[in-house]
Amino acid sequence: MTNASGGWRAIGRDDAGRIVTVAVDATGRRLSEPSSFDDVTAAVAADVGARWVWNDARSWLPVALEAGVEVARCRDLRLCHAILRDSAHVDDADDLRAATAWDVASEPTSTSETLFDLAHGPALPDHIDDICAEFSRQQHAVDASRHPEALRLLLAAESAGAMIAVEMHAAGVPWDAAVHDGLLTEALGARSKTGGLPHRIEAVAAQVRAALDDPSASLDSQPKLLRALHSVGVMVSSTSKWELAEHDHPVVAPLLEYKRMTRLLSANGWSWLQEWAPDGRFRPVYVPGGVVTGRWASSGGGALQLPRQLRPAVRADPGWVLVVADVAQLEPRVLAAMARDRGLADAARGTDLYAGIVASGVVPTRQDAKIAVLGAMYGATTGDSGRLVPALRRAYPRAMGLVDDAARAGELGEVVSTWLGRSSPPPSAGWRRLQADAAEPDAGEGDRATARRSARDRGRFTRNFIVQGTAAEWALAWLADLRVRLAALPAVDAGAVAARSGPVFGARAHLAFFLHDEIIVHAPASQADQAAEAVRAAAAAATDLLFGGFPIDFPLDLRITIDAGKA
DNA sequence: AGTGCCTGCGCG
DNA sequence: AAAGCGCGCAGGCACT
């Protein structure tokens, strides 16, 4: 029965709750009678090449993964529903919007939500009829849209991301507890046996209290610390490190050190290690589509905030290596390609876009170029950044025109879209009311100012949305393509390596970590070069898929290494 | 005791 | 102390 159809196959449950699958055509019409299966694994094994149409990869994939069965492709109806529902490229979204059962992000409406319900979110439809119907709605929306090819690419990438998030959670980031413990002990001192703070933190705290001339000063309460600082003449308005650093007082250095140390302890200390990487694997919960722009969010463990300081604890298993790769200046490169700005693309040729801008004589130094580019994408208007943006506007009118237009649209309350068609959320009712009220002839100056500020805020958001969101699309395409390439690598002799990533992937290179523009692949040493080549080829494929025909470089900084610390 | 907000800081 | 986007999390604190 095993074959490789390559066609769509819906999976869900029948009236009796049994797992059933049915082949469907590209419009969602059934091509046969549903077949029933004992479990997901059996269903997947029966049609290994199918494009699975399911409500949610989080529900269906783990079971197959547990059994070592891989899924080639899927349509994640939950994530794709959200994209199509909001996309400005979809002209007729009425049917999709009416299918509110697929809006899982909607607020709980009843008071009967138990803790269990909240933890798992509202249940999605999973009846096979509902799966087919939603797939059909989505296919119709895409076909009738203005850019069906782009949307198809986006839905495929988003769906692949849904699987990758589950797979990376299952595989985990290889984490060396001994290295982590060593870093902590070196930075913070030995752990207290009596429940107090680690040795070095205590010592630094004593220095701070001495400088504050208060042996019992509370250092962890912002209001109390602020008062203590004032009492010794450090007249700061907050206790943030930027402001403190500007004062020349004996308390500053030890206080900043105390803050660094307690931050490390509370965010990624020994209790984090115990909770999040107890078995040599850090398993973050990734949340694909968790950010409005399409970036992933995360939940638990602070997956997307791993301090660079701790990267050396990301360490390959014995006999394995890490392929660590990131894209330098992903967002401005994406902007150059979206805007078809040849000048900026020329500056982006090679590995350092900022150096390219300097070489073109636009600004004098690399630091200026960096500040100007970030300011352009974030909407800076003041300070160094705001001062440098006009030079960029003269040199790269197309690129700057694109983000300036997006900002203007946002200020007017319009929706903007990424390259592949993910659209920004419309302004809230409150925002509209604020603007409308301020436009009335009798509006007060205060209301006008508030409305103006809020319009500018939204303009900066939409300005950044198109760039951040398209960068997320490039990264998703990279991941999705890489996933396929890695899946094609053969499993190496499991006896030759200490494979701890099995049974999920056996002894084969697999994605282990992803952070916006950076990936880590965990690979058997014998497969290191193949894995690295796959990473490079996938980046080239992503560039071609999104921006084929336009000459833009996305150079990778790639290294094959044992640990993910600084090279 | 549970909640929600604020401050501050880590990541891109 | 951010100017200038997007996040998650910890700890303190006020309120219920």
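All chains are named by letter (A, B, ...) in the order of the sequence lines, taking the proteins before the strands, and each is independently numbered beginning at 1.
For the pair A:Ser240 and B:dT7, the criterion of a side-chain N or O lying under 4.0 Å from OP1 or OP2 is not met. Put simply, A:Ser299 has no side-chain N or O that comes within less than 4.0 Å of OP1 or OP2 on C:dG8. For the OP1/OP2 pair of C:dA2 and a distance below 4.0 Å, the side-chain nitrogens and oxygens of A:Lys241 include no atom meeting the criterion. Listed pair A:Ser221 / C:dC13 meets the phosphate criterion, a side-chain N or O lying under 4.0 Å from OP1 or OP2.
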Trace of the side-chain contact (heavy atoms from CB on, under 4.5 Å) decision for A:Val327 with A:Trp474: CA-CA 11 Å; A:Val327 193; A:Trp474 185 93; 3.5 Å; yes

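Other residues, nucleotides and ligands contribute over 12 non-hydrogen atoms within 6.0 Å of the NZ atom of A:Lys259. Environment of CZ in A:Arg433: sparse, with no more than 12 heavy atoms of neighbouring residues, nucleotides or ligands closer than 6.0 Å.
Rounded to an integer number of Å, the gap from A:Tyr286 OH to C:dC7 P is 19 Å. The nearest whole Å value for the distance from the OH atom in A:Tyr378 to the P atom in C:dA3 is 14 Å. For the pair A:Lys370 NZ and C:dG4 C1', the interatomic distance rounds to 14 Å; values are reported in whole Å. Rounded to a whole Å, the CG atom of A:Leu226 is 15 Å from the C1' atom of C:dC13. Summarising the geometry, the separation between CD on A:Gln222 and P on C:dA14 is reported as 12 Å, rounded to the nearest angstrom. Whole-Å rounding puts the A:Arg227 CZ to C:dG12 C1' distance at 12 Å. Whole-Å rounding puts the A:Arg333 CZ to B:dG12 C1' distance at 16 Å. The CE-P distance, from A:Met400 to C:dG4, rounds to 14 Å in whole Å.
Picking from B:dG10, B:dG8, B:dG12 the nucleotide with the shortest atom distance to the side chain of A:Glu518 gives B:dG12. Considering only side-chain atoms of A:Lys224, the nucleotide from C:dC13, C:dG4, B:dG10 that sits closest is C:dC13. The nucleotide whose nearest atom lies closest to any side-chain atom of A:Arg311 is, among B:dG10, B:dC11, C:dA1, B:dC11. Nearest nucleotide to the side chain of A:Pro223, out of C:dC13, C:dG8, C:dA1: C:dC13. Among C:dC7, B:dG10, B:dG12, the nucleotide with an atom closest to any side-chain atom of A:Arg263 is B:dG10. Closest approach to the A:Arg308 side chain among B:dC11, C:dA1, C:dC13 is made by B:dC11 (side chain taken as heavy atoms from C-beta onward). Taking the side chain of A:Glu246 as heavy atoms from C-beta on, and the options C:dA1, B:dG12, C:dG8, the nearest nucleotide is C:dA1. Of the candidate nucleotides B:dG8, C:dC7, B:dG12, C:dC7 has the atom lying nearest to any side-chain atom of A:Val292. Proximity note for A:Gln305 (side chain, C-beta onward) versus C:dA3, B:dC11, C:dC5: the nearest is B:dC11. Of the candidate nucleotides C:dA2, B:dG12, B:dG8, B:dG8 has the atom lying nearest to any side-chain atom of A:Lys259.
Comparing A:Glu243 and A:Ser298 against DNA chain C, the residue whose closest nucleotide sits nearer the 5' end is A:Glu243. Of the residues near DNA chain C, A:Ala297 and A:Thr381, the one whose nearest nucleotide (by heavy atom distance) lies more toward the 5' end is A:Thr381.
Between C:dG4 and B:dC5, the two P atoms lie 25 Å apart (nearest whole Å). One P atom belongs to B:dC6, the other to C:dA1, and the distance between them is 16 Å to the nearest Å.
In this structure, the side chains of A:Pro215 and A:Arg209 stay at 4.5 Å or more apart for every pair of heavy atoms. Looking at heavy atoms from C-beta onward, A:Ile552 lies in side-chain contact with A:Thr543 at the 4.5 angstrom threshold. A:His247 places none of its side-chain heavy atoms less than 4.5 Å from the side chain of A:Leu229.
Closest heavy-atom contact between A:Asp517 and A:Leu330: CB-CD2, 3.7 Å.
Using a 4.0 Å cut-off between charged nitrogen and carboxylate oxygen, A:Arg422 and A:Asp86 do not count as a salt-bridge pair. Under the 4.0 Å criterion applied to side-chain N and carboxylate O atoms, A:Asp563 and A:Arg315 are assigned as salt-bridge partners.
Within the shown strands, nothing qualifies as a pairing partner of C:dG4 under the Watson-Crick or G-U definition with both distances less than 3.5 Å.
A:Gly301 comes within contact range of the sugar-phosphate backbone alone, with a heavy-atom separation under 4.0 Å but no base atom that close. Among the heavy atoms of the strands lying under 4.0 Å from A:Ser385 is at least one base atom, whether or not backbone atoms are also near. If you check every strand for non-hydrogen atoms under 4.0 Å, A:Gln468 touches a base. No contact: A:Gly375 has no heavy atom under 4.0 Å from any strand. Across all strands, A:Leu244 comes closer than 4.0 Å to no nucleic acid atom at all (heavy-atom distances).
When each of A:Thr262, A:Leu225, A:Thr239 is checked for a side chain to side chain contact (heavy atoms under 4.5 Å, CB included) with A:Leu219, only A:Leu225 meets the rule.
Against DNA chain C, the stretch residues 448-465 of chain A makes heavy-atom approaches under 4.0 Å through A:Arg460, A:Phe461, A:Asn464.
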